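Values reported hereafter were calculated over all heavy atoms of this structure, with side chains retained and with hydrogens, waters and symmetry mates removed. All figures in this text were calculated on a predicted structure; none of them were measured in a lab.
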Amino acid sequence: MYAELAVDNTSLNTDRLFTYSVPSDMEFYMEVGKRVLVPFGRGNKLLEGLVVNLKRDLDSGLDADKLKPIQYVVDREPIMTLEMVELLGWMRERYLAKYTEVIKTIVPNGITMKAKKVVKVEMAIDETIVDPELAAYLNSKKRMALENLKRKFGEKNIQKDINRLCQMGCIEIEESVFQQVKKQYEKHVERRFKPEDADCIAETLSTRAVKQVEIVRLLSSRESISKKELLQAVNTSDSTIKSLEKKGLVETVEREVDRNPVGREVAHYSKIELNEAQRMVYDEIESLKHTKHLIHGVTGSGKTEVYLQLIESALERGEESIVLVPEIALTPQTLDRFMGRFGDRVAIYHSKLSNGERYDEWRKMRDGRAKVAIGTRSAVFAPFRNLGLIIMDEEHEQSYKSSMNPKYSTLEVAEKRCELEGARLVLGSATPSVETYYRAESGEFKLLEMNLRANENPLPNINLIDMREELYNGNKSIFSRELYMSMLEKLERREQIILFLNSRGFSKFVSCRSCGHVIKCSRCDISMTYHAEENRLVCHYCGESRKMVTECPECGSRYVKHMGLGTQKVEAEVRKHFPKAAVERMDLDTTGRKHSHEEILTRMKNREIDILIGTQMISKGLDFPDVTLVGVIIADTSLNIPDYKAPERTFQLMTQVAGRAGRSELEGRVVIQTYEPDHYSIQTAKDHDYMSFYSQEIMVRKLFRYPPFCELVDITVYGREESSVCKIASEVASRVKDSVSKSETLRNVEVLGPNPALIYRIKDRYRMKILIKARREDMSEIKTTLGALLSLNEKYAKEQVRVSIDINPSSII
DNA sequence: AGCACGCCGACT
DNA sequence: GTCGGCGTGCTC
């Protein structure tokens with residue numbers, strides 16, 4: 001028997017399957033989806049591999065005698081089902097990722113095997129043959145890791161002794177394997193000499209050991225450095241470090257990079273009778289006429305109860321369910337409903353769990369103790385064996401697209417998984433993404449409409465205020481008269497108010513009135529935001545901050561002014577105009593501390609807050625019955641981003657924010673202030689008219705050829721050296737253009753760029769973009785070219801330029 | 001990534 | 001001649 005393995009190795013060159021022979025006594029345990037340990041490479045280093053395929057016959061070109069045997073089977077139970085192994089291969093191709101990247105996404109990066117060399121003392125060692133200290137130590141311990149021994153005595157000092165003892169049979173070295181909850185590691189090179197000896201050591205080193213001297217000098221000023229950094233700084237390969245290590249001057253160690261945990265508890269949430277609309281949707285999905293569904297339901301139409309009952313019915317059939325929610329929606333409020341109904345049959349799965357917690361939840365699912373998984377996008381990989389249902393709530397949310405390799409779309413993966421495992425897919429949204437709705441219209445998804453709010457309250461009334469007119473009428477404040485009066489009225493009635501603005505800080509940028517100079521971040525091509533509370537300027541892209549200036553750094557003028565609006569300024573204005581109201585601000589700056597997020601929401605719930613001011617953060621999933629007024633200070637911020645999704649985002653944002661008002665029998669009102677009241681995404685949001693928005697937007701998409709009328713591939717080339725970034729970006733572009741023009745079939749493929757990214761420089765890295773528009777059926781042919789581009793990452797590693805490819809990115813800026 | 005191989009220059 | 005540094009190419 002032979003096994004094809006994906007070996008745990010991050011190099012692109014080794015990102016393929018390797019064939020090993022299965023010793024006959026191991027055949028019984030061998031299964032696809034289990035991990036094994038195999039000797040790999042010249043050094044036969046023990047590596048972990050995942051069994052992807054088992055076969056009796058060997059591919060031609062492989063010589064059976066030359067195959068190495070599998071050494072050890074790691075898992076008792078497979079960590080992936082056959083279907084998941086197939087999904088693994090599919091994801092690797094679809095998103096141009098490596099096996100290891102995909103495996104680490106699918107299984108919790110908690111479990112892995114480590115092999116260590118262990119020294120076993122077979123007979124007492126005579127202190128006269130070797131270093132007496134070493135002998136004494138060995139005799140006292142009997143068994144120890146070779147690693148520790150090297151650390152204690154220095155590798156160079158003991159190497160010969162160890163070899164001799166081995167030959168004499170006094171000790172034996174064996175490889176011992178143990179499971180370890182893997183933390184994130186980074187290799188560091190540590191100094192093993194005294195800093196004052198640096199000069200002395202540099203002289204002793206060979207005159208040819210230029211690189212080694214450089215490293216010694218570098219390390220004389222610091223105790224350790226990450227290996228990556230060191231290689232870049234000295235511009236050398238790791239054989240230099242190896243040489244130094246042999247001399248005992250440095251040592252490489254793995255250092256842990258750690259994370260943070262979460263924890264909570266719940267009350268029972270009982271079943272509710274479905275209303276007519278809910279019942280129809282439920283019956284339709286249960287009827288099994290279709291496998292993929294889209295519930296288009298207004299906020300408050302009671303989608304969650306439908307989800308709960310679908311899960312219940314799946315449970316009765318013995319099937320498992322996955323509930324996906326966007327990052328921000330995974331609040332205690334949401335969790336309570338699911339855990340309150342299904343108790344400990346629910347597993348929670350998201351990226352903020354600690355390794356231990358994640359591993360526990362994962363095992364709960366794989367071993368069948370949990371039947372319902374709820375979590376963010378990674379929960380789509382829940383290790384169930386009898387999956388019946390995947391629910392994806394707020395389907396349109398951006399957080400469903402991963403920004404790390406593999407840059408997968410949770411929707412695509414969910415679809416693929418449902419296909420492979422015969423499960424049903426249910427998408428839900430009040431504002432479906434244009435792509436999804438298009439597919440529903442064309443019959444790929446069964447479209448289910450829920451137009452009524454479950455509590456039968458009307459949707460809130462939305463007033464659009466043209467801020468140009470306000471200004472014309474002499475109102476220079478950030479509140480229109482309409483909003484101001486409404487706030488007064490609601491405060492008098494002791495009802496709650498939410499004010500929304502899409503940018504934090506006090507003012508968006510600071511500029512000099514006499515020379516026009518705008519203060520920019522030193523590392524990014526972006527203006528700095530003024531934060532009044534700390535009286536500092538902050539860059540929202542890299543976090544750099546400095547003291548607010550009193551005079552222009554260019555011309556010295558004292559007329560520096562902050563322009564534009566942030567939540568801090570809104571807060572200040574609110575306090576000024578409504579001094580008696582209890583005001584609270586909720587944005588990235590006020591929720592920095594752990595649980596501060598929940599604290600604010602609890603105070604809101606307890607009505608200790610009259611006016612809540614916030615960013616995106618408050619637009620989703622919050623359900624406060626006493627909020628009757630929502631004010632959008634400026635709606636245009638998200639509209640003016642040069643991205644084809646900007647109108648869609650704006651419509652979704654407005655609709656969601658508006659949905660925060662009038663969740664109870666109290667009448668809700670929404671005031672949207674804007675400078676572009678005629679824009680279709682704002683107009684249609686005002687009328688709660690998704691259909692009208694959709695029909696206009698789909699025309700724009702068709703006209704300019706954007707999804708769903710094409711697939712997009714975003715290639716970003718980025719690095720510290722502007723000239724190399726540009727050079728490599730144009731190399732990338734011309735390679736792609738070449739292969740497109742040479743092909744007969746790729747007539748419809750457009751290659752745009754290279755163009756500088758909207759924000760050309762972030763954290764001192766220059767960014768160039770190439771955009772490809774292609775038909776879906778052309779993708780596989782393009783992939784060959786794209787795959788080759790990724791090897792540029794290795795070719796240009798020295799230049800520190802990277803090429804990153806994103807299939808259907810969530811934005812193209 | 002990480003290992004051995006092998007070329008090449010310096011030193012005995 | 002020999003030793004060691006360091007770039008290169010391969011991994012079932």
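Classification of A:E721 and A:R765 as a salt-bridged pair fails, no side-chain N sitting under 4.0 Å from a carboxylate O.
The aromatic ring centroids of A:F40 and A:F18 lie less than 6.0 Å from each other.
In summary, contact between chain A and DNA chain B, defined as any nucleotide atom under 4.0 Å from a heavy atom of the protein, begins and ends at B:dA1 to B:dC11 in the 5' to 3' direction.
A:I805 and A:V713 get closest at one heavy-atom pair: CG2-CG1, 3.7 Å.
The interatomic distance linking A:K246 (NZ) with C:dC6 (P) rounds to 12 Å, in whole Å. Atom CG of A:D59 is separated from atom C1' of C:dC12 by 11 Å (rounded to the nearest Å). Put simply, NZ on A:K211 is 7 Å from P on C:dG7, counting in whole angstrom units. Atom pair A:Q212:CD and C:dG5:P shows a separation of 5 Å (rounding to whole Å applied).
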*Go through the steps for A:R366 and A:E361 under the test salt bridge (charged side-chain N to carboxylate O under 4.0 Å, His left out), then give the verdict.*
CA-CA 9 Å; A:R366 191 194 60 175; A:E361 297 296 301; over 6 Å; no
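Taking A:A3 as the reference, A:L5, A:V22, A:V51, A:L54, A:I70 meet the side chain to side chain contact (heavy atoms under 4.5 Å, CB included) condition, with sequence neighbours excluded.
DNA chain B is contacted by both A:S206 and A:E794; A:E794 maps to the nucleotide lying nearer its 5′ end (nearest heavy atom per residue). Each of A:S239 and A:R208 was assigned the nucleotide of DNA chain B with the nearest heavy atom; the assignment lying further toward the 5' end belongs to A:S239.
The nucleotide whose nearest atom lies closest to any side-chain atom of A:T19 is, among C:dC12, C:dT11, C:dC6, C:dC12.
Residue A:Y760 qualifies as enclosed at atom OH: its count of foreign heavy atoms under 6.0 Å is above 12.
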